[in-house]
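By convention in this document, chain letters (A, B, ...) are assigned in the order of the sequence lines, proteins followed by strands, and residues within each chain are numbered from 1. Computed from heavy atoms alone, side chains included, the values below leave out hydrogens, waters and symmetry copies.
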Number of protein chains: 2
Amino acid sequence: MDSYTRPWPLSRAADTLAKSVAKKRVTLAQVARAAGVSQTAASYALAGRAAEMRISPEVEARVRLAAREAGYRPNAVSRSLRTGTSQTVGFISDTVATTAFAGHLIWGALDQARERDHLLLIAETEGDPQLERELMTAMLDRGVDGLIVASMYTREIAVPPVLMEAPAVLLNAFPVGNEPIRSVVPDESEAGRSVARTLLASGHAGGICLVGASPEGHAPEGSLAAVQRLDGILSVLHDSGVEVAGSVGCADWQPAQGLEATRRLLAEVTPSALVCFNDRLAFGAYQALADAGLDVPEDVSVISFDDDPLASWIRPRLTTVALPHYELGAAAVQVLLDQLEGRLQEPDGTLVRRITMPLRVRESVRGLGSDGVAGASVGTAVELAAATRMHRPG
Amino acid sequence: MDSYTRPWPLSRAADTLAKSVAKKRVTLAQVARAAGVSQTAASYALAGRAAEMRISPEVEARVRLAAREAGYRPNAVSRSLRTGTSQTVGFISDTVATTAFAGHLIWGALDQARERDHLLLIAETEGDPQLERELMTAMLDRGVDGLIVASMYTREIAVPPVLMEAPAVLLNAFPVGNEPIRSVVPDESEAGRSVARTLLASGHAGGICLVGASPEGHAPEGSLAAVQRLDGILSVLHDSGVEVAGSVGCADWQPAQGLEATRRLLAEVTPSALVCFNDRLAFGAYQALADAGLDVPEDVSVISFDDDPLASWIRPRLTTVALPHYELGAAAVQVLLDQLEGRLQEPDGTLVRRITMPLRVRESVRGLGSDGVAGASVGTAVELAAATRMHRPG
DNA sequence: TTGTAGGCGTTATCAA
DNA sequence: TTGATAACGCCTACAA
């Protein structure tokens, strides 16, 4: 396919509505004329660089007044052509639409961009590499200052060459090669350590079992989260001389697998605590435990990862380490813009920014203080409706 | 505040990363030179207007080849400055982040925009009118071809004057005055008629009660959906000579109000069918009915609006008229671009495009065929986890 | 049939 | 201190 697309016509038929909104924009030249100065003087005055050109305060004031009165707004397209920068960032994700709460990635990015006077050009690739390239070039051609490439779950992605045309940041992803490109990811191994520490602190010395990944390496294909979470968990347990009492890996991390895996586990050992590798597995585990007549957390503690919206609805409410989607989105924009402004020189040359995954203490771990209530095995629909409303973090 | 923001500097300090990605872009002039023709010839050739300029096929081929070999991609910023059009649309919403499933509005818009070779600039106002104006001007200054202003729930919005600078479409909203601006909204009154027809068709001649809005006008402040849904319901019932057996309005449409309103209703009448004005009310109504020992749908049918993700999870699954978020978003882009291209001349001058709300037949209405299963009063967590994954239509 | 030149609105250089 | 003038990359009216 030809990358040169047919240009759109200058004048297009306009319907009545289009005509009714036609309105001329004020240009810098007009402001200058109105103020009785040269365009240069006007430009410098409005840019706050009057001193630089030794423009008299009186003239500067006159220009400012003229600009305000005329309702002058600089043409960003023109400025972009001239300066090569557009105060616009491209945000390309694979499939944020799939999971409800992951939309927070975008809201975090949106807020942070606005805070720094940038706008976001957003698109979705739906996992299609061809479409991904097209969208990247479409954005690059429109002069975005940088690109954020987001993945729904942490993984390695092949960085298309076109991405190296502009500064870019990978969100929730690492480059598959060793391209010099920054990544913003959740700190999964710290989360793993946090989980292990939490369990130890609440008195679980033995009987800790793993659901979702096992030290033998069974886990979803290409899931970086799996290995890092596991790594964090094992390192803390090892340091405390605690052995894992049992584990079963899952190829997919859905409730059905959690149910199945926990059943298998219970057939072999009697765990004191279950570490589920994500909340959806935990939902299944809850059911398996209930089926076995085991109480959470009295008989078995459950701790998990992600903080799915349902984690605070299910009873007992699930103690879990949250995926900070909002913060991740915000950090990606922040890293990109900092890099753009040249103030990002890690002396050690590290390209990865890890965002802390906060522990949400609820009632599924025995002996852990919590503000909530324990009790019924399932929340009511009314409570659920409340839980599934999405709220933006502070 | 001064609307003229300090221009960003031409050259900015670049860190090692920024430097490593520096790469010159190919210009049309370079392509022309490489092909040994004038820039004009190159431009016309690549635009597919060779015939117009009577450029020889041989030259045209040479230009195309040169462009391809050089990897030429036209600079959209420059083109935008020249032509005044940018193949970019602005999408401004108040708070799409709040409700999970409403993100579909954006995905619909995204898909439709891509289909027509446009990119979307997205922003959120969080209900702040000042921020709204700023975002609109920021987008307008960047030369968007048009603007879509979306509301999370259908309502009237004050159209700021700046919005009239470019073609715009209101999504889920009407202009509060009579500005000549198009709207894309769900067809609420048809949905109301659909609900009433459904009830009549399933044999509910009498005992139909309303929860959420009453003919006396009790409903959430400024809710257009309330009056239009009510209007549709009443018109069909009236045509069939059926009277509403009871109704209770609610100031807010949350489960708690649904519970409370249904309780009050049950104290006075014994309904045969409940029309809840949205699903969240219905969740509360379910509970009130259960508390009163009434079975759904055997004793009382329940029908509702919105198709909240939970509607298909709660038992019996709720029959409801869906808000077609994806289609609404797609239609908004479609209407805007059609208008831009001048092919949108309704002879009757109507400015409102109503999108059909499809009925989702499930098990909460007695005597209506359905593919699902009736039974338990609540789904399992495993089923719920599945229900709350968002899937894109079509 | 092809090339020249002007302009979109801005910023920046340089001479006055 | 200020005012021409060039340049960003593209499109197009007009001249050759």
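Distances from the side chain of A/Ile55 to the nucleotides C/dT10, D/dC14, D/dT2 place D/dT2 closest. With D/dT2, C/dG3, C/dA12 as the choices, the nucleotide that has an atom nearest any side-chain atom of B/Ala41 turns out to be C/dG3. Listed nucleotides D/dT2, D/dC10, C/dG9 differ in distance to A/Thr27; the shortest reach to its side chain belongs to C/dG9. The side chain of A/Leu81 approaches D/dC8 more closely than any other nucleotide in the set D/dC8, D/dC10, C/dT2.
Ionic pairing of A/Glu126 and B/Arg114 is present here: one or more N-O contacts between side-chain nitrogen and carboxylate oxygen are shorter than 4.0 angstrom.
B/Ser78 has no side-chain polar atom (N or O) that falls below the 4.0 Å cut-off from OP1 or OP2 of D/dC10. Between B/Arg79 and C/dC8, a side-chain N or O to OP1/OP2 separation shorter than 4.0 Å is absent. Within the structure, every side-chain polar atom (N or O) of B/Tyr44 is placed at least 4.0 Å from both OP1 and OP2 of D/dC10.
Between the CZ atom of B/Arg54 and the P atom of D/dC14 there is a distance of 16 Å, given to the nearest Å. Remark: P of D/dC10 and CZ of B/Arg25 are 8 Å apart, rounded to the nearest angstrom. As a whole-Å value, the separation of A/Arg33 CZ from D/dG3 P is 13 Å. Straight-line distance from the CG atom of B/Leu46 to the P atom of D/dG9: 16 Å, rounded to whole Å. Look at CD on A/Gln39: it is 12 Å from C1' on D/dA6, rounded to the nearest Å. Rounded to whole Å, atom P of D/dC10 lies 5 Å from atom CG of B/Asn75. One can place CD of B/Glu52 at 9 Å from P of D/dT12, the figure rounded to the nearest angstrom.
Looking only at distances, a side-chain donor or acceptor of A/Arg25 sits under 3.5 Å from a matching main-chain atom of A/Arg73.
Among B/Leu121, B/Val89, B/Leu120, the single residue meeting the side chain to side chain contact (heavy atoms under 4.5 Å, CB included) criterion with B/Val144 is B/Leu121.
Residue contacts for A/Val37: at a heavy-atom cut-off of 4.0 Å it reaches the sugar-phosphate backbone alone, with no base atom in range. Residue B/Val59 is in sugar-phosphate contact alone, with no base atom involved, counting any heavy-atom pair closer than 4.0 Å across all strands shown.
For C/dA12, its base sits under 3.5 Å from the side chain of A/Thr40 at one donor and acceptor pair at least.
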